[in-house]
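Start at 1 with the first residue, then count along the sequence.
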Amino acid sequence: MVSTEVKDFLNTVVATQGQFYIRLHQFHWYVKGSHFFTLHEQFEELYDETTDNLDLVAERLLAVGGEPYATLQEFIDHSVIEENVEDKNLSQDQMVEAVVTDLETIGQSLAEGILLTDEHEDFPSNDMLIAMKDDVDKHIWMLKAYLGKEADA
């Protein structure tokens with residue numbers, strides 16, 4: 001049986017993925033500049049992946065007797081990342097930096113969830129979170145490389 005603590009954490013992941021999906025759409029729609037085509041496509045790829053993760057975690061939560069958040073307000077209220085309407089006015093590089101910041105926050109949260117699910121012996125959720133964390137780390141590296149920055153050690 002999956003603990004309430006794990007279910008609550010998975011719901012935070014659901015909210016965060018929902019919030020991140022919306023933020024990526026904001027950047028996808030509002031990006032401007034010489035790298036428009038590259039970033040427009042990259043943001044779309046990221047929100048498609050985020051949609052898949054949102055669905056995966058929500059379905060896992062349902063499978064263990066939880067009730068995933070399903071409204072924008074719940075996403076805003078329970079996400080580990082923030083909504084910022086004014087981010088639509090960021091430059092293309094500032095948008096990428098904002099995505100990196102969000103991914104770093106998401107990665108830290110996932111690392112906490114990996115420890116939590118391991119501690120509670122919820123190995124299916126643990127495997128899912130590890131795979132998501134691996135993808136987050138790869139995206140951080142790639143986006144930092146795009147910005148001409150080194151990956152963190």
**OP:** Could you tell me whether the side chain of E59 and the main chain of L56 form a donor-acceptor pair under 3.5 Å?
**Re:** no
**OP:** Show your working on ring pair (Phe, Tyr, Trp, His ring centres under 6.0 Å) between F43 and H25 and close with a plain yes or no.
**Re:** CA-CA 7 Å; F43 293 145; H25 263 282; over 10 Å; no
Subject >> Expected output: side-chain H78 to main-chain A15 donor-acceptor under 3.5 Å >> reply: no
Subject >> Under 3.5 Å: donor-acceptor pair, side chain of E74, backbone of A70 >> reply: yes
Original post:
Going by an N to O cut-off under 4.0 Å, is there a salt bridge joining R60 and D122?
Top reply: yes
Subject >> Verdict with supporting geometry, N126 and T117, side chain to side chain donor-acceptor pair (under 3.5 Å) >> reply: CA-CA 5 Å; N126 186 263; T117 53; 3.0 Å; yes
**OP:** Give a yes or no on this: more than 12 heavy atoms of other residues, nucleotides or ligands lie within 6.0 Å of atom CD of E44.
**Re:** yes
Subject >> Under 3.5 Å donor-acceptor, Q92 side chain and H35 backbone >> reply: yes
**OP:** Report the residue from D102, N84, T50 that forms a side-chain hydrogen bond (donor to acceptor under 3.5 Å, both in side chains) with R23.
**Re:** D102
Original post:
Using 30° and 60° as the class limits, which term best fits the ring planes of H28 and Y47: parallel, tilted or perpendicular?
Top reply: perpendicular
Subject >> Donor-acceptor under 3.5 Å (E97 side chain, Q94 main chain) >> reply: no
Original post:
Between H40 and F27, does the ring centre distance come in under 6.0 Å?
Top reply: no
**OP:** Give a yes or no on whether the backbone of Y69 and the side-chain of N11 come within a donor-acceptor separation of less than 3.5 Å.
**Re:** yes
